[in-house]
Structures are given as structure tokens and as C-alpha cells.
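All remarks here apply to the structure that follows.
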Amino acid sequence: MPDVIVMHVSFQHRRQRLLAQLGDAIAILPTAPEVIRNGDAHYPYRGDSHFLYLTGFSEPEAVLVLDGKAGKALLFCRDKNPDSEIWDGFRYGPAAAEAFGFDEAYSIVELDQRLPPLLAEHAALYWAVGRDTGWDARIAGYLQQARQQARVGKDAPQQYGDLLALIDEMRLLKDEREIAVLQQAGRISAEAHVRAMQACRPGMMEYQIEAELLHHFVRNGARQPAYESIVAGGANACTLHYAANNARLNDGDLLLIDAGCEFNGYAGDITRTFPVNGRFSGAQRDVYEVVLAAQLAAIAAVQPGARLDAPADAALRVLVQGMLDLKLLAGSVDGVIESGDYRRFYMHGIGHFIGLDVHDVGARRPGGPWRSFESGMCTTIEPGLYIRPDDRVPAVFHNIGIRIEDNVLVTDDGHQVYTDDVPKRIDDIEALMKQH
């Protein structure tokens, strides 16, 4: 039996917290299905993030049932199967109950038989409402069977709730174990970006730089990137989600890399922009300094008790002033912000939560007003400027795309930028690239 890498006690604690919120309700949470890539080849399997958060159990074909009335967590999973394990590897089977701290575990083939009677003992049911039409239909079938037990004095649930909304709030604040894994994902991602800077030379292909990133991810135990890497040279950097990564890197151009690894389920997400030849031109330097100043202003605004929109407001004012100074726009800072003209060059938000998902869960404005930063939140800060050719823009700035992104943990007394091992000041970038 392979080692259980994660400590199941923390997952038990999360399930107990959720059970306390459920009261006498019952909750059903399946993991993600396996997905065919083509023919009979599958994509690498990755479990559902909500399921992983509560279980740490990474096998497919599994369902978590939380019985609020009994205060129990039940796992339904694949049986042990020696023949299948010869081909596809170890399975826990229902022995996962002990390994992962579940109260009970059953074969997945028993789910359809056991669930309807369980439902009939609860007044309320929670599941991922509307997320998967197949599971919505399946749960409707379970409810219909439960209603048929009315003749023996048992009532089916009459109230329904969205389970994911409850879990999202839990996932918003990271515990000590999560923070440690996120920091490791950030460290590996940062080292990969440094490696890419050191390897970059004019004439290389974007995918060769991507290979440097992937190499470092995998050799450090991060088998998958957290998302498709963006390696965008020259004008390609002005395409926000560029992913072709197949162009030649030209002398005199900038290279924007937006990439991060997934380590033990948690994401890193870093962006750096640097000159292919190791030296910024005057125009590139001018634009870069605006974006860097905006990022530093936004990071400074990440404080416990500050509103979540504070970093965006701080960065926007710096970016707009920079656009005015560079003659990209005309007018006043307040006037440009009010008109929205800045969106020609800066059209995305300042960042997003990060955790088990690179764009992690959590409502930013629950019920309307902006929520405030709290210790344990993790967010990205990633301002940028993207200057496509335009007759109204000085030609020296055409096709310059710059974004700078770091991962920031909110602490009790401020914040920690845990991806700052990658140089981002111009002198530091040029010094690093000169060494190789």
C-alpha cells in the first residue's frame, strides 16, 4: 500500500466543520470523472477540487456522503481489483475508511442502493446544484425513490441547498498545511521562471522556453502545470491567453511568461516579462516601470481589514498616470478612469484567489458589499499594459505587452509575497540574464 502523503486529520477536521453547518441535512459530493483525450487514451486524472479539499482521496469513481443527522462521513469508492491493479495500479478499496479517516466506506456499486434510504431520513439535501446535469438527474432519481417510502412513514428531503457555496467559504481561508503547500508550489514555479530567464536567447522558439519550465516542474515533483503555460514573445504578449507557444523569439522583443506548477493539488501562478536579449530598450523600460510601480502599489494595499478592491484601485491610478505620462492617453487620471478609456491598454482585473484551483473559489462581494481581506487568504496581484499598434499611439510602444504577477498571502499583520524569488526589477533581471 503506498504511503498516504497527506495527513487525514486535517481532512477530518474540515468534514466535521461542514457537518456542523449541515445540521440534520445530508450532502452528496462526487469527485470528477475520468475524461477521454482521444481514442482510448485518457487525460491525466485530476480529482474535483471540492472533493479533494474534504477527503484527500485522489482516485476516480468516488462519492462523499455527509450524514448530518448521524454526524458521519461515508466514502463510496472502487473495489479492490487485482486484475485492474495489474494494469492501472493500486486501489484502496473500502479500506480507504481507515487510511483517510472516514467513518464508513463502501463499494461504489452500492451507492444506488444505499442512498435513497439515507435520503428518506433527512429533511434537507445539499449537492452541487446545477453543476453537472448528469448528477442533477441522478439525484432527482434518488429523491423519487426516497419519496416512495412515504407509505412506511419516512419523508424525503423537502429543502435543498448548494453544497459548493458552503465549501467555497471554507476554502477561502487557507490553513497552515495549505499555506505550506502553496508556498512550495510558489517556490518551484519561481525557480522555473528563473531557469527560463537564464535559458532565453534570441532565435529560440517559445516552446523551447516552455520546455524549461515543464522540466523544472516535473523534476521537483510537480507533474502537471496548474494551467496551460503562456510563453508569448513580442506582439504575442498582447494576447492575454496566448497559448500557441510556437513563434520564434526575436532580438529586441520582450518575452511574457505566465506559468505555474501544481504541487500536491495546489497552484502556483507567476508572470514575468523580460527582454529576449537581456537588455530593455528605452520604450520597454518606460512601460515596464509603470507596470512594476502599479504592482507594488497594489501589493501594499493587501492588508487584513482592507477591502478586496483596494489593490485594484491602487494599481489603476498608477497605470492611468503612466498612460498619461507616456502619451498613450490624454486628460486627467480621474477623467480617464471615469470614461474607461484605459481599457484599451489594461482590460483585466488585478488578480484572483489562488489555492486548489488557480482561479480559486470564494465570493468577492457576498450579498453586495466588497468583503475585506482576512489572514489566510491567498491572492494574485497582476497588473499589465498591452499596447497594440494604433495610429493614436507612439510607434515606439507598438506590440509591447507587459504583465507582472506574484502570489500574496494575507497575514495577521500584513502580507507575504511568497513568489518574490523571481527578479522583477529591471536591474536585477538584466544582471541575472547577463550571467548566462
Side-chain angles (χ1 to χ4, degrees), residues 196-197 200-204 206 209 230-245 247-258 270-298 312 314-351 381-406 423-430 433:
M197 284 184 184
C200 186
R201 298 290 186 276
M204 293 181 71
E206 291 168 341
I209 299 299
I230 297 169
V231 183
N236 295 333
C238 294
T239 300
L240 298 186
H241 289 165
Y242 175 80
N245 298 353
R248 192 171 299 280
L249 299 174
N250 298 315
D251 194 358
D253 281 348
L254 292 174
L255 175 59
L256 184 155
I257 299 178
D258 186 336
I270 300 173
T271 305
R272 291 292 187 268
T273 309
F274 55 91
V276 169
N277 63 12
R279 297 289 296 179
F280 285 86
S281 72
Q284 292 167 352
R285 180 182 291 264
D286 289 343
V287 178
Y288 189 94
E289 291 288 14
V290 171
V291 177
L292 179 59
Q295 199 219 22
L296 295 176
L316 183 57
R317 297 195 70 83
V318 174
L319 288 172
V320 170
Q321 183 63 62
M323 294 179 213
L324 295 173
D325 293 343
L326 296 173
K327 310 302 183 187
L328 300 178
L329 295 173
S332 67
V333 171
D334 290 335
V336 169
I337 291 175
E338 184 177 355
S339 69
D341 286 349
Y342 65 86
R343 294 191 182 94
R344 288 167 51 198
F345 308 107
Y346 175 56
M347 63 294 292
H348 59 74
I350 193 61
I381 297 293
E382 49 182 305
L385 287 175
Y386 314 90
I387 309 173
R388 292 175 174 271
D390 188 311
D391 292 340
R392 297 166 292 176
V393 171
V396 70
F397 297 125
H398 287 185
N399 292 322
I400 290 180
I402 295 172
R403 183 165 63 255
I404 308 171
E405 177 182 17
D406 280 295
K424 62 183 176 184
R425 296 187 183 277
I426 286 179
D427 290 348
D428 294 335
I429 291 172
E430 292 185 342
M433 298 185 71

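Note that these values count all heavy atoms, side chains included, but never hydrogens, waters or copies made by symmetry.
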Evaluation steps, side chain to side chain contact (heavy atoms under 4.5 Å, CB included), between Leu385 and Met323: CA-CA 9 Å; Leu385 287 175; Met323 294 179 213; 3.5 Å; yes
What closest approach, in Å, do [X] and [Y] show between heavy atoms, and which atom pair accounts for it?
| X | Y | answer |
| --- | --- | --- |
| Pro389 | Asn399 | CD-OD1, 3.2 Å |
| Val336 | Ala330 | CG2-O, 3.8 Å |
| Val396 | Ala283 | CG2-CB, 3.4 Å |
| Gly203 | Arg248 | O-NH1, 2.7 Å |
| Ala294 | Val318 | N-CG1, 3.5 Å |
| Leu319 | Val291 | CD2-CA, 4.2 Å |

Let me confirm one number: the [atom1]-[atom2] distance from [X] to [Y], rounded to the nearest 0.5 Å.
| X | Y | atom1 | atom2 | result |
| --- | --- | --- | --- | --- |
| Ile257 | Glu405 | CD1 | CD | 13.0 Å |
| Leu328 | Asp341 | CG | CG | 12.0 Å |
| Leu326 | Glu289 | CG | CD | 11.0 Å |
| Leu249 | Leu254 | CG | CG | 11.0 Å |

When Thr271 is tested against each of Asp258, Ile402, Ile230, Ile404 for side-chain contact (heavy atoms from CB on, under 4.5 Å), which residue passes?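 Among Asp258, Ile402, Ile230, Ile404, the one meeting side-chain contact (heavy atoms from CB on, under 4.5 Å) with Thr271 is Asp258.
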Donor-acceptor contact present, side-chain [X] to main-chain [Y], <3.5 Å:
| X | Y | answer |
| --- | --- | --- |
| Tyr288 | Phe274 | no |
| Asn245 | Val231 | yes |
| Glu206 | Leu255 | no |
| His398 | Ala235 | no |
| Arg403 | Glu382 | no |

Does Val393 form a side chain to side chain contact (heavy atoms under 4.5 Å, CB included) with Phe345? I'd like the steps, not just the answer. CA-CA 11 Å; Val393 171; Phe345 308 107; 3.7 Å; yes
With Val333, which residues qualify under side-chain contact (heavy atoms from CB on, under 4.5 Å), at least two apart?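 side-chain contact (heavy atoms from CB on, under 4.5 Å) check on Val333 returns Arg317, Val320, Gln321, Leu324, Ile337.
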Results of side-chain contact (heavy atoms from CB on, under 4.5 Å) for Glu430 - residues two or more places apart only: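 Expected list: Arg279, Phe280, Arg285, Ile426.
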Answer whether the closest heavy-atom distance between the side chains of Ile387 and Cys238 falls below 4.5 Å.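 No, every pair of side-chain atoms sits at 4.5 Å or beyond.
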Can you tell if the side chain of Leu296 reaches within under 4.5 Å of the side chain of Lys424, non-hydrogen atoms only?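 Yes - at least one pair of side-chain heavy atoms lies under 4.5 Å apart.
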What is the ring orientation for Tyr346 with His348, classed by angle as parallel under 30°, tilted 30 to 60°, or perpendicular over 60°?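 Geometry flag for His348 against Tyr346: perpendicular rings.
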Salt bridge present between Arg392 and Asp390 (N-O < 4.0 angstrom):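 Yes, this pair counts.
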Evaluate Ile381 against Asp406 for side chain to side chain contact (heavy atoms under 4.5 Å, CB included), listing each step before the verdict. CA-CA 6 Å; Ile381 297 293; Asp406 280 295; 5.7 Å; no
